[in-house]
Structures are given as C-alpha cells and as structure tokens.
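Bear in mind the structure is a predicted one, so any value in this text is a computation, not a measurement.
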Amino acid sequence: MEKLTKEEEIIKNIQLLDKKFAEEKEFATNNPGVGDFGAYTKRYLKIRQEQEDYLQKVRQEIETIRDKMSDMFKEQKTFEIVDENRKKHERFEQEQKDQKMLDEIGTNAYIKNHEATS
C-alpha cells in the first residue's frame, strides 16, 4: 500500500509540475522579455526527469512486491493442495481399516452362524 500511495504522489507531483510549466510558458509568451524562460525550462526538464526516474523505481519496487506476493500465494496454494491430499489419503486408509474390521466381524458372524446350524 505504501508504494502505491507513493506512486500516486509522484504522478500528482508530475501533473502539478506540468501544469505549472504550462502556466509559466503562457506567461512567458504573453510577457516577452520578462524572466529567463529558457533557464526555467531547463530546470523544469531536470526536475521532471528526476520525478520520472523516481516513478520508474517505485513501479519496479511495486512489481517486485507483486511478484513476491504471487510466489507466496502459489506456495500457500501448493501447501493447501498437499495438505488436502494427505488428509484424503488418511481418510482412505481409515476407511480401508474400518472396512477390513467390518469384513472380519461379518466373517466371524458367518462362521458362528454356520457352526451353530451345523
């Protein structure tokens, strides 16, 4: 969140810088000979480039964070799948044991009934 907020802040700074440059350009056009618009333009371009570079850096950091989050999600999902498969296997084994026990009870009951009628 912090990086996204920083990204928004930088974008707003660039927009404000561009707006101010447009205002200064209009002033320089309407008032020739007042001030040094060339020097202002040079400073504007330097500051804008610094902001663009900073914005690129923040966006790379955001992408790195997103990649890490994606990897963590994949790892968690893998763990959940492995855990669910383990639980299914345990249930299957328990069902097999239960069925074996029921089969033995049934066999013993059959043998007792068969011996009793003989």
Side-chain angles (χ1 to χ4, degrees):
M1 277 309 253
E2 178 185 329
K3 296 294 180 184
L4 293 175
T5 302
K6 193 64 174 173
E7 178 187 34
E8 290 175 12
E9 181 183 309
I10 296 167
I11 290 170
K12 286 179 184 176
N13 287 344
I14 291 171
Q15 291 170 342
L16 183 63
L17 188 65
D18 289 345
K19 181 181 177 194
K20 189 171 181 182
F21 177 76
E23 291 169 357
E24 290 292 328
K25 183 177 179 182
E26 184 178 341
F27 178 81
T29 302
N30 294 334
N31 301 289
V34 178
D36 186 356
F37 187 68
Y40 177 82
T41 300
K42 190 174 184 178
R43 193 171 78 244
Y44 157 78
L45 291 172
K46 181 180 183 265
I47 293 170
R48 191 171 199 297
Q49 186 60 52
E50 289 170 352
Q51 289 294 304
E52 288 286 342
D53 292 345
Y54 189 39
L55 179 61
Q56 185 61 32
K57 179 184 175 216
V58 169
R59 285 181 171 165
Q60 286 174 347
E61 291 170 352
I62 290 170
E63 191 60 33
T64 299
I65 291 168
R66 285 184 177 144
D67 288 346
K68 286 180 182 179
M69 288 175 64
S70 176
D71 289 345
M72 289 171 61
F73 177 77
K74 288 176 188 173
E75 186 177 316
Q76 178 184 1
K77 200 67 180 162
T78 300
F79 174 77
E80 289 171 357
I81 291 169
V82 168
D83 190 50
E84 182 60 31
N85 286 341
R86 181 188 55 79
K87 288 176 182 177
K88 284 180 184 176
H89 183 71
E90 287 174 357
R91 282 192 301 269
F92 176 77
E93 285 183 350
Q94 186 60 46
E95 289 171 1
Q96 293 291 72
K97 287 178 185 177
D98 293 346
Q99 186 61 48
K100 188 174 183 178
M101 184 177 68
L102 290 173
D103 289 348
E104 285 181 26
I105 291 171
T107 301
N108 289 340
Y110 175 78
I111 291 172
K112 282 183 183 178
N113 284 338
H114 189 54
E115 287 176 354
T117 57
S118 303

As an exercise, state the distance from [atom1] of [X] to [atom2] of [Y], rounded to the nearest 0.5 Å.
| X | Y | atom1 | atom2 | answer |
| --- | --- | --- | --- | --- |
| Lys100 | Asp103 | NZ | CG | 9.5 Å |
| Ile81 | Gln76 | CD1 | CD | 11.0 Å |
| Asn85 | Glu80 | CG | CD | 12.0 Å |
| Met1 | Ile65 | CE | CD1 | 12.0 Å |
| Ile11 | Gln15 | CD1 | CD | 7.0 Å |
| Lys77 | Glu75 | NZ | CD | 14.0 Å |

Exercise for the section: Check the side chains of Glu90 and Gln94 for a donor-acceptor pair under 3.5 angstrom, ignoring hydrogens and angles. Expected result: no
Exercise for the section: Run through the side-chain heavy atoms of Ile, Leu, Val, Met, Phe, Trp and Tyr, join any pair under 4.5 Å, and report what else lands in Leu17's cluster. Expected result: Phe21, Phe37, Tyr40, Tyr44, Leu45, Ile47
Practice task
May I have all residue pairs that pass salt bridge (Lys or Arg N to Asp or Glu O under 4.0 Å) and include part of residues 42-51, sequence neighbours excluded?
Solution key: Asp18-Arg48, Lys46-Glu50, Arg48-Glu52
Exercise for the section: Can you see which heavy atom on Glu7 is nearest to which on Leu55, and at what distance? Expected result: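 For Glu7 and Leu55, the tightest heavy-atom pair comes out as CG-CD1, 3.7 Å.
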Practice task
Show your reasoning for whether side chain to side chain contact (heavy atoms under 4.5 Å, CB included) applies to Arg86 and Asp83.
Solution key: CA-CA 5 Å; Arg86 181 188 55 79; Asp83 190 50; 2.6 Å; yes
Exercise for the section: Give a yes or no on whether a salt bridge exists between Glu115 and Lys112, defined as a side-chain N under 4.0 angstrom from a carboxylate O. Expected result: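 The answer is no: the pair does not qualify as a salt bridge.
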Exercise for the section: Before accepting this row, confirm whether a basic side-chain N of the pair Glu9/Lys12 lies closer than 4.0 Å to the acidic partner's carboxylate O. Expected result: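 Salt bridge: no.
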Practice task
For Glu26, look at atom CD and say whether over 12 heavy atoms of other residues, nucleotides or ligands are found less than 6.0 Å away.
Solution key: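 Count not over threshold, so no.
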Exercise for the section: Using a cut-off of 6.0 Å, state whether more than 12 heavy atoms not belonging to Glu93 lie near its atom CD. Expected result: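 Count over threshold, so yes.
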Practice task
Examine distances only and state if a side-chain atom of Thr64 and a backbone atom of Gln60 form a donor-acceptor pair shorter than 3.5 Å.
Solution key: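 Yes.
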Practice task
Output yes when a side-chain donor or acceptor of Asn31 lies under 3.5 Å from a complementary backbone atom of Phe27, and no otherwise.
Solution key: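 Yes: the side chain of Asn31 pairs with the backbone of Phe27.
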Exercise for the section: Could you check Gln56, Gln49, Gln51 and say which one makes a side chain to side chain donor-acceptor pair (under 3.5 Å) with Asp53? Expected result: Gln49
